Amino acid sequence: MIDKLANSNLKLGIISGGQLGKMLIQEASKWAIATYVLDPDPDCPAKRIATEHVQGDFLDFDTVYAFGKEVDILTYEMENINIEALLQLKADGFKIVPDPQVLALIQDKGLQKEFYQKHNIPTSPFACYENTDAITKAIEEKVFTYPFVQKLRKGGYDGHGVALIHSAEDRLLDGSSMLEKKVEIDKEIAVIVARNDLGEVRCFPTVEMTFDAKTNLVEDLFCPANISGEDVKIAEDLAIKIIENLEMVGLLAVEFFIDLNGEILVNEVAPRPHNSGHHTIESVMTSQLEQMLRAILGLPLGSTNLIMPSVMLNLLGEAGHTGEVRYEGLSEVLSIEGVKVHLYGKHQTRPSRKMGHVTVLADTVENAFEKADKVKNIIKVKSWEK
Ligand code: ADP
């Protein structure tokens, strides 16, 4: 692999071509890596900059298998992939990093929780049920009690497939599910950790999420998190424990809750680059994408020292705007020092669609927030029709 890299001859396959894939390609191009992207969307963000875009379905066995056998190393930037094809590629001697076995475990929220339990990793109490009848029965028999959070075991993303259930009035989701006790959340934080095949591990600085008081959706992320040094150490040690117990090579994003008693609980993990690491592109010595490449290619891991505190805002499609995108306020925000705008290249906007992000750098998180508030009021993702 290193020889091919040194000869500018390395073919990296990426499933799929969303914004994380696009950002990974931007880093890979620094090292002249040829990038092949599998994505069904003819207009996917990575298309414009990938060496080659293969249009195809990542849930289809034959498509994934055919794609994987043409590249030197195959990786992924999302979880919902045909796992059988990855396992077959591995069995046939092709290189897939992170290992498909790790993805199979993480793809299933029930198996993920069992893994935490087995390795004494703090997480909220849980149980798995096949369908809504089994859940209703467990509630009637008081095996599980309200309030709880229902999560579909497979296929959920960005809050889809997650429902907060307070009482019998709330509608249960249909499908095989993992139920967990509702945590009284004080803060949500995340740590991204990388590990290479020499067993070297390195954590990125902890980030903290802020929430919209009305919708309770994640609004911004800031780094470093506003938590004690001891809590940073607990979160980092847990992230390292998870990646080591998974024996995983690559990048792992670990999301945590800090509850009202100050207890740090693991929520979930993702074996790929993550939204909570967007800021690393400008605010950390090595970005999450470069670190991922280093890890999967067997190179030494880079420094994760913070260059500057930051706030990251998602650029979401405005309510009431659907159609050809039009960004409002671009030149005005770019006149503010330390404002870094990322546009994903999606041509069509719709309400709440992730269209880009902005990282705001400053000497302190407070000052970054001050600028970020201005940015929020200026930049808008609208459509031409309105
Ligand atoms: P996704 O994979 O879709 O991001 P998460 O498991 O992160 O799903 O859940 C989405 C959000 O729902 C979390 O960020 C958190 O705010 C809330 N949530 C999830 N699990 C719990 C829980 N056990 N208790 C309270 N809130 C939760």
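Ligands are counted one by one from 1 in listed order, and the atoms in each one are counted from 1 as well. Please read these numbers as outputs of a predicted model, since none were measured by experiment.
Taking the centre of each ring, F148 and Y146 come in below the 6.0 Å mark.
For the pair K137 and F144, the NZ or CZ position fails the cation-pi test of under 6.0 Å to the six-membered ring centre and within 45 degrees of the ring normal.
Put simply, part of K181 is less than 4.0 Å from ligand 1, judged by heavy atoms.
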Would you tabulate the side-chain donor-acceptor contacts of residues 14-25 under 3.5 Å, counting partners in other chains and residues two or more places apart, or write 'none'?
residue, atom, partner, partner atom, Å
S16, OG, E77, OE1, 3.0
Q19, OE1, K346, NZ, 3.0
K22, NZ, L343, O, 2.9

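Side-chain N or O atoms of Y76 include one that pairs as donor or acceptor with a backbone N or O of P98 at under 3.5 Å. At distances below 3.5 Å, not a single donor-acceptor pair connects side-chain atoms of E318 with backbone N or O atoms of V381. Between the T359 side chain and the K340 main chain, no donor and acceptor come within less than 3.5 Å of each other.
Inclusion of V183 in the set of residues having an N or O under 3.5 Å from an N or O of ligand 1 is warranted. Among the atoms of E180, some N or O lies under 3.5 angstrom from an N or O of ligand 1.
Contact atoms of ligand 1 toward E255: 7 (O) (distance under 4.0 Å to a heavy atom of the residue). For ligand 1, the atoms closer than 4.0 angstrom to any heavy atom of F257 are 15 (C), 18 (N), 19 (C), 20 (N), 21 (C), 22 (C), 27 (C). Atoms of ligand 1 lying under 4.0 Å from at least one heavy atom of I185, given by number and element, are 25 (C), 26 (N). If you number the atoms of ligand 1 from 1 as listed, the ones under 4.0 Å from a heavy atom of N267 come out as 5 (P), 6 (O), 7 (O).
Taking only non-hydrogen atoms, the option from Q150, E188, K109 nearest to atom 13 (C) of ligand 1 is E188. Of the listed residues (N275, V162, T123), the one carrying the non-hydrogen atom nearest atom 9 (O) of ligand 1 is V162.
Ionic pairing of R272 and E79 is present here: one or more N-O contacts between side-chain nitrogen and carboxylate oxygen are shorter than 4.0 angstrom.
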